[in-house]
There are 4 protein chains.
Amino acid sequence: MFELDLRSRKPIYEQLVDRLKQLIINNVLEKDEKLPSVRVLAQQLSINPNTIQKAYRELEIQGYIYSVKGKGSFVNHIMMADSSAEIKKVKEQLKKNISEALFLGVSVEELEKLITETEVDRSVTRGDEDDSSSERG
Amino acid sequence: MFELDLRSRKPIYEQLVDRLKQLIINNVLEKDEKLPSVRVLAQQLSINPNTIQKAYRELEIQGYIYSVKGKGSFVNHIMMADSSAEIKKVKEQLKKNISEALFLGVSVEELEKLITETEVDRSVTRGDEDDSSSERG
Amino acid sequence: MFELDLRSRKPIYEQLVDRLKQLIINNVLEKDEKLPSVRVLAQQLSINPNTIQKAYRELEIQGYIYSVKGKGSFVNHIMMADSSAEIKKVKEQLKKNISEALFLGVSVEELEKLITETEVDRSVTRGDEDDSSSERG
Amino acid sequence: MFELDLRSRKPIYEQLVDRLKQLIINNVLEKDEKLPSVRVLAQQLSINPNTIQKAYRELEIQGYIYSVKGKGSFVNHIMMADSSAEIKKVKEQLKKNISEALFLGVSVEELEKLITETEVDRSVTRGDEDDSSSERG
DNA sequence: GTGGTCTAGACCACA
DNA sequence: GTGGTCTAGACCACT
């Protein structure tokens, strides 16, 4: 379910953040669903609990989850409030990626296919693989 | 022209790499155009020459520029060779960004518009100002 | 174990890269084996840590090792993916070396012996001492 | 005839040395043949005469050519004298390259083919393309 | 004057 | 303690 890449140059906690975001975004983790506890998840992934802790804290800051003392962490799913800044950021990122893709020879059709594909995946409630930091490989 | 964010979590040299890539991709820097020398750019940005060096070296490895010892650094623009790995990476990135955008409420139409816009910008030989600098710095 | 030639025209970090490559290729360093930490190796060789860092980074780019921030650097040994470019380069190098060897009077038989010898060494998990250090230093 | 790669990380003068070595080794340039004068070659290749000068000096040191004041530079082709050191160096290089090739998946048969190919090329008096410094690509 | 290497020493992020 | 980034400043090689 988590498939961390210990070898990636991207820090583990960041991989966790990204993965959980994806799961939330794709509705695999539903609103108010309880996330596994730090210790349990740490043991499951055989990873230092501090690392999990850090990931959860980050997700809370970004508004994707909320924590209740003594209870655990839960999916938020509200968002949409002041997401304008977020949207702007994502769009800028997209522009960069799109122009790079075009530069590398990817066709417009392929890009559009990518959109519809992703859209379908979302409605079918599925998470997809991801990795790749901003580094070269 | 470069707008570095010294406080960003993203390393300076990486910001430089990204920015220069953009300039090359958008044809603002043309093939075989000479880049500012390491020392000059370092002074201009009041940054240590080694940092510029590192950025230039990275760009060279990635195939965006080439450097000649006694002469300077120049834009490459050839590419198109075996960029399959690069393409795969960009596509994965795109998928992530697209799903996040959709999650944040951006419509499919808007995304497609983004593609055509970017395409036009490219052929018109124009650079844009996005940077997406500090990630929640 | 490393025998650096500080006076050589070949940069120290490059000597390191070459040497470590050899050790990995010849299975002296096994898959997922931990390399000496940057600082430790630096002290051992009485060399600046940055230089080691540079070598390790280069090896990571070339896919021979991977580095994890809080943990260390480890041997990769996967490869075999899209090394076609690498292969082409090595073959060109080989052609050059072969013609030079022939010119210097080395017989074809001797060259073929060299191949079988090297092949045996590899399967027997042994490292050799060649370095070809200073090029007419 | 010379096909220098101004973009290569390998210095021009070194490319020249290598190329001329090849031409001599492959008998394209015969014993006592006169090399083009520094100025002429410099103009032909639109390169700084100092660079040519440096290449010729290097070749003289290595024993591939000899210079006669006021006359020019000529191919030597004697060698074979104390080439034992040279041979040892080349063999070491070869071993390294062979083990790397094997590591990258090149078969023994292919390597042997490379030898016979190169041998044929030599007797047919032909020079081949080369480049590739010890850097990655 | 250009890129490239190296040192010494500081500081940060990750586990 | 680990890798990674950055600075300041020196020195070398190439054109």
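Note that these values count all heavy atoms, side chains included, but never hydrogens, waters or copies made by symmetry. Model, not experiment: these values are computed from the prediction. Residue numbers start from 1 in every chain, and the chains themselves are labelled A, B, ... in the order their sequence lines are given, proteins ahead of strands.
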Worksheet item: Should C/Ser67 be listed as having a side-chain N or O under 4.0 Å from OP1 or OP2 of F/dG3?
Response: no
Worksheet item: Which of these passes ring pair (Phe, Tyr, Trp, His ring centres under 6.0 Å) with D/Phe74: D/Tyr66, D/Tyr64, D/Tyr56?
Response: D/Tyr66
Item to complete: Could you tell me the separation between the CZ atom of C/Arg57 and the C1' atom of F/dT5, rounded to a whole number of Å?
Response: 12 Å
Discussion item. Closer than 3.5 angstrom, by distance alone: can the side chain of B/Ser99 be matched with the main-chain N or O of B/Lys96 as a donor-acceptor pair?
Written reply: yes
Response to the item:
Between B/Val40 and C/Pro49, the residue closer to the 5' end of DNA chain E by nearest nucleotide is B/Val40
Item to complete: Using whole Å, report how far CD of C/Gln53 lies from C1' of E/dT5.
Response: 15 Å
Practice prompt. Report, as a single string ordered 5' to 3', how protein heavy atoms within less than 4.0 Å touch nucleotides 10-15 of chain F: B base, S sugar-phosphate only, - not at all.
Written response: ---SBS
Worksheet entry | Euclidean distance, atom CG of residue C/Leu6 to atom C1' of E/dT5 [Å, nearest integer] | 13 Å
Fill in: Side-chain donor/acceptor of C/Glu58 to backbone N/O of C/Glu14, under 3.5 Å
no
Worksheet item: How long is the span from the NZ atom in A/Lys89 to the CD atom in B/Glu100, to the nearest 0.5 Å?
Response: 8.5 Å
Worksheet item: Which residue pairs pass the salt bridge (Lys or Arg N to Asp or Glu O under 4.0 Å) test when at least one of the two sits in residues 33-52 of chain B, sequence neighbours left out?
Response: none
Fill in: Any donor-acceptor pair under 3.5 Å from C/Asn26 side chain to C/Val28 backbone
no
Worksheet item: Which stems does DNA chain E form, counting runs of 3 or more consecutive Watson-Crick or G-U wobble pairs with both distances under 3.5 Å?
Response: E:1-14 with F:1-14
Discussion item. In whole Å, I'd like the distance from the OH atom of B/Tyr56 to the C1' atom of F/dC6.
Written reply: 18 Å
Item to complete: Output yes when at least one side-chain N/O atom of B/Ser37 is less than 4.0 Å from OP1 or OP2 of E/dT2, else no.
Response: yes
Discussion item. Would you say CD of C/Gln43 has more than 12 non-hydrogen atoms from neighbouring residues, nucleotides or ligands within 6.0 angstrom?
Written reply: no
Worksheet item: Roughly, in whole Å, what's the span from CD1 in B/Ile47 to C1' in F/dT5?
Response: 12 Å
Discussion item. Whole angstroms only, please: what is the CD-C1' distance between A/Gln15 and E/dC14?
Written reply: 13 Å
Discussion item. Between A/Leu20 and A/Leu35, is there a side-chain heavy-atom distance shorter than 4.5 Å?
Written reply: yes
Worksheet item: Given atom CD of C/Gln43 and atom C1' of F/dT2, what is their separation to the nearest angstrom?
Response: 15 Å
Worksheet entry | B/Glu58 CD - F/dC6 P separation (whole Å) | 12 Å
Worksheet item: Do C/Asn76 and A/Arg7 have side chains that get closer than 4.5 Å, going by heavy atoms?
Response: yes
